[in-house]
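Fair warning: this is a prediction, and the values are worked out from it, not measured in the lab. Every heavy atom of this structure was used, including side-chain atoms; hydrogens, water molecules and symmetry mates were not.
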Amino acid sequence: MRPVSPATGPALSAPVGAPVDAGLVRRLLQVARACALLVATVGVLVLIGWQADIGLFKTLRPGMGAMAPAAAVALVASAAALWLLQPRYDGSRWGWLGRALPWLVLAFNALTLAEYLLHVDLGIDQIVFRDVRHEVQTAYPGRMAIVTVLGFLQLSCALVLIGVRSRTAQRVARLVTLATGGLLLMGLLGFLYGKASLYAVPVFLGVALHLLLAQLLLAAGILAMQPSRGFATLLASAGAGGRLSRRLLPAAVLTPLVLGWLRLQGEHAGLYGAALGVDLMVVTMIAFFAALIWWNARLVDIADTRARLAQADVRRNAEEMRDLYERAPCGYHSLDADGVFVRINDTELAWLGYARDEVVGRLHLRELLTPASQAVFDALFPVFKTKYVLNDVELEMRRKDGSLLPVSASSTAVRDASGGYLMSRTTVFDITERRRAEQALREASEQARLRLAEIEQIYRYAPVGLFTFDREYRFVRINERMAQINGFAPDAHIGKSMWDIVPNLAPQLEQLYRPIYERGEPVLDVEIHGRTAGDPDHDHDWLGNFFPLTSDGAVIGLIGVVLDITERKRTEQALRESEAAVRALSLTDPLTGLANRRRLDEDLRGELHRVRRYGGQLSVIIADLDHFKRINDAHGHEVGDQLLHAFARILQGHCRDVDLAVRFGGEEFVLLMPEVDAAEARACAERIREALAAQHIAALTQPVTASFGVAELGAGETEADLLRRADQALYRAKATGRNRVVVAEAAIPAP
């Protein structure tokens with residue numbers, strides 16, 4: 001017999017009619033791995049206990065039997081085998097090791113059993129550690145108890161059998177594991193209910209509690225390794241039985257154990273006698289299982305209600321499918337082996353104008369076809385019954401009123417178990433509109449042929465340049481306008497390259513055309529500047545669009561569309577210059593030549609954005625000419641204009657390149673100073689004030705002065721806040737005697 005993975009062999013496949021929940025199967029395999037890990041941990045701890053003489057690891061408490069070192073080794077080997085028999089190791093060297101380890105455990109325990117039966121000592125019991133103090137409570141130092149040996153023999157046999165490709169072997173493995181579990185459970189009950197009951201069975205003499213628990217875990221892991229067979233199949237079932245078993249089984253196992261232990265504890269404590277203890281345990285078990293059965297019955301009833309609702313949904317879906325079949329936008333019918341209708345939907349009946357009982361079981365399809373279509377049917381139907389598929393067969397059916405119905409039919413065959421033909425499943429589409437479309441297409445093709453000459457004339461005499469290149473940049477076709485741009489006749493272009501026709505532009509054009517040839521990408525709206533033989537004395541501008549010319553997905557050339565935009569470019573340039581002049585006038589004060597209020601608003605907004613984003617400083621100076629109205633009234637507006645112009649020149653003379661001098665309005669001026677703090681701005685204002693005082697205006701008999709307000713941008717301030725603080729400083733300068741510079745108080749940040 002060939003070994004096989006416990007999760008992949010056919011012996012482990014689920015029986016027909018027993019659906020298995022894949023998620024539960026994965027969880028059971030995880031349980032098997034967890035059992036293997038726990039068992040190995042127990043074995044390793046016991047070996048550490050023997051090595052380091054730690055009593056807690058060898059026996060759970062003083063007075064109880066210690067686990068033999070050989071038993072600990074057998075636990076580790078069995079756990080490793082259980083782990084390596086997982087599907088993930090199937091076919092690998094680890095999988096082979098997993099199948100070999102149970103044989104070693106089986107051989108060792110068979111020798112130990114032989115020692116008991118033949119009353120000999122082969123010296124194998126103390127190979128790993130010597131039981132000097134006779135801590136293992138058996139007749140021989142370091143030897144496993146008989147029940148332990150029997151347990152390992154049976155469990156190792158089960159591990160060997162679950163790797164064998166045989167249903168019988170799998171079944172025997174489960175039975176052996178269950179029998180071993182029952183034997184070990186008897187030992188566990190002995191520990192729970194007192195050693196007297198344990199040692200009443202001689203084979204349990206010297207057994208250790210944690211060894212019993214480890215072997216029970218090993219048995220559980222072996223059962224979990226077969227989630228699709230036997231006992232575990234019901235646990236992994238996706239049906240109601242699986243759910244019911246998963247709910248009831250833990251209670252069925254644990255409840256009697258717990259209640260039996262509680263009953264004995266109550267008797268030992270003197271709370272009641274043996275008879276009353278039995279009564280209490282029976283009544284409690286009846287009440288508990290009655291409640292458990294009621295709870296599960298309620299869940300089953302809910303599941304049954306949901307199943308009935310699901311069946312109603314299935315019936316409704318079936319009705320919807322029936323309605324979809326009957327009222328589909330296409331016809332459906334089925335023909336038997338003789339070509340007689342056995343089924344037809346309402347849609348096709350409506351097309352033909354027949355009632356169902358006039359067609360089904362009565363009419364042969366040939367009776368509804370024109371003579372030409374009958375010949376097609378007679379040729380194809382025998383082939384269809386052997387090939388089982390026909391696609392897009394066009395036929396003409398005759399309606400009951402005698403009119404014709406052109407259709408396209410596609411069929412697949414329904415076959416019996418032996419592959420013989422039973423009937424067809426045919427989909428029928430009304431192609432009346434398609435026939436009309438084909439006729440319209442033929443008429444359109446004729447119209448296209450008639451207009452082809454017109455298109456040729458349009459191409460030839462189009463007002464834009466059109467041409468076609470091959471892969472070597474040679475002209476294949478060109479129209480009159482493109483030839484005129486290049487300065488050669490159309491015929492002179494054919495077969496010539498662009499280096500022959502436009503040598504001055506060829507390097508520039510080659511760079512433009514490269515993406516078209518290399519990647520098949522169009523080049524759109526590109527401007528070309530230069531000269532051609534058409535006008536060798538003047539530069540021209542052209543707007544070009546170039547497209548790949550492809551064949552079977554490969555680029556074989558390009559198509560170019562060229563428009564002379566020389567005049568448009570000249571017009572656009574003149575317009576841009578005009579717009580620039582208009583904008584300059586809109587941002588400049590006409591009297592002084594300084595920036596005006598609009599320019600200040602734009603620049604101040606930009607500077608505030610800069611400071612907020614990148615940090616830095618910004619200050620403004622607002623200046624107002626003192627007693628300007630008196631000068632205007634006394635000397636006239638011409639002198640006033642001279643004064644304003646002179647003051648503007650002074651401001652410009654004290655500005656950096658990055659500063660902005662603005663006539664704010666009337667006799668008020670503003671100086672915007674980026675990256676300048678209030679102290680530097682004040683110093684600049686003082687220099688301007690002194691320069692103005694030293695300025696001589698011919699018509700004036702005394703010096704002219706000005707007052708200045710200075711403010712530095714504070715945190716969170718807006719443009720209006722900054723100008724308002726500078727303006728307030730200006731008013732304080734005027735209020736305190738004019739001809740002075742006042743710095744605004746620092747801004748108070750907004751809360």
Answer yes or no: does atom [atom1] of [X] have more than 12 heavy-atom neighbours from other residues, nucleotides or ligands under 6.0 Å?
{"X": "Y332", "atom1": "OH", "answer": "no"}
{"X": "R531", "atom1": "CZ", "answer": "yes"}
{"X": "R649", "atom1": "CZ", "answer": "yes"}
{"X": "K496", "atom1": "NZ", "answer": "no"}
{"X": "W351", "atom1": "CH2", "answer": "yes"}
{"X": "R514", "atom1": "CZ", "answer": "yes"}

Is [X] salt-bridged to [Y], going by a charged N under 4.0 Å from an acidic O?
{"X": "R316", "Y": "E319", "result": "no"}
{"X": "R451", "Y": "E454", "result": "no"}
{"X": "R663", "Y": "E668", "result": "no"}
{"X": "D721", "Y": "R724", "result": "yes"}
{"X": "E326", "Y": "R322", "result": "yes"}
{"X": "E527", "Y": "K569", "result": "yes"}
{"X": "D659", "Y": "R656", "result": "yes"}
{"X": "R435", "Y": "E396", "result": "yes"}
{"X": "R599", "Y": "D603", "result": "yes"}
{"X": "D378", "Y": "R366", "result": "yes"}

For P548, which of I516, L558, I556 qualifies under side-chain contact (heavy atoms from CB on, under 4.5 Å)?
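Exactly one candidate clears the test, I516.
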
Name of the residue among V502, D541, L509 meeting side-chain contact (heavy atoms from CB on, under 4.5 Å) with I528:
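Of V502, D541, L509, side-chain contact (heavy atoms from CB on, under 4.5 Å) with I528 is met by L509 alone.
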
Any sub-3.5 Å donor-acceptor pair from [X]'s side-chain atoms to [Y]'s backbone N or O?
{"X": "T532", "Y": "G534", "answer": "yes"}
{"X": "S619", "Y": "V676", "answer": "yes"}
{"X": "R398", "Y": "L404", "answer": "no"}
{"X": "Y388", "Y": "G419", "answer": "yes"}
{"X": "T571", "Y": "E567", "answer": "yes"}

Can the ring centroids of F469 and F546 be said to lie less than 6.0 angstrom from one another?
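No, the ring centres sit 6.0 Å or more apart.
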
Ring center gap for Y614 and H609 short of 6.0 angstrom:
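Between Y614 and H609, the centre distance exceeds or equals 6.0 Å.
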
Closest approach of [X] to [Y] (non-hydrogen atoms, all atoms of both residues):
{"X": "L594", "Y": "A661", "value": "CB-O, 3.6 Å"}
{"X": "I622", "Y": "V670", "value": "CG1-CG2, 4.0 Å"}
{"X": "T426", "Y": "S411", "value": "OG1-OG, 2.7 Å"}
{"X": "L608", "Y": "E719", "value": "CD2-N, 3.3 Å"}
{"X": "G530", "Y": "L505", "value": "CA-CD2, 3.8 Å"}

Only pairs at least two apart or in different chains count here, so list each salt bridge (charged side-chain N to carboxylate O under 4.0 Å, His left out) that has a residue in residues 607-619.
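Residue pairs passing salt bridge (charged side-chain N to carboxylate O under 4.0 Å, His left out), neighbours aside: E607-R610, R610-E675.
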
For F341 and Y354: C-alpha separation, side-chain torsions, deciding distance, then whether ring-ring contact (aromatic ring centres under 6.0 Å, His included) applies.
CA-CA 13 Å; F341 286 95; Y354 285 94; 9.1 Å; no

Enter the distance from L395:CG to L368:CG here, rounded to the nearest 0.5 Å.
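If I round to the nearest 0.5 Å, the distance is 11.0 Å.
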
N345 and H333: side chain donor to acceptor below 3.5 Å
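No - no donor-acceptor pair under 3.5 Å links their side chains.
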
Can a donor-acceptor pair be found between the side chains of Q439 and R442 at a distance below 3.5 Å?
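Their side chains do contain a donor-acceptor pair, which is all the 3.5 Å distance test asks for.
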
Close side-chain approach of F475 and T468, heavy atoms under 4.5 Å:
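No; the side chains remain at least 4.5 Å from each other.
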
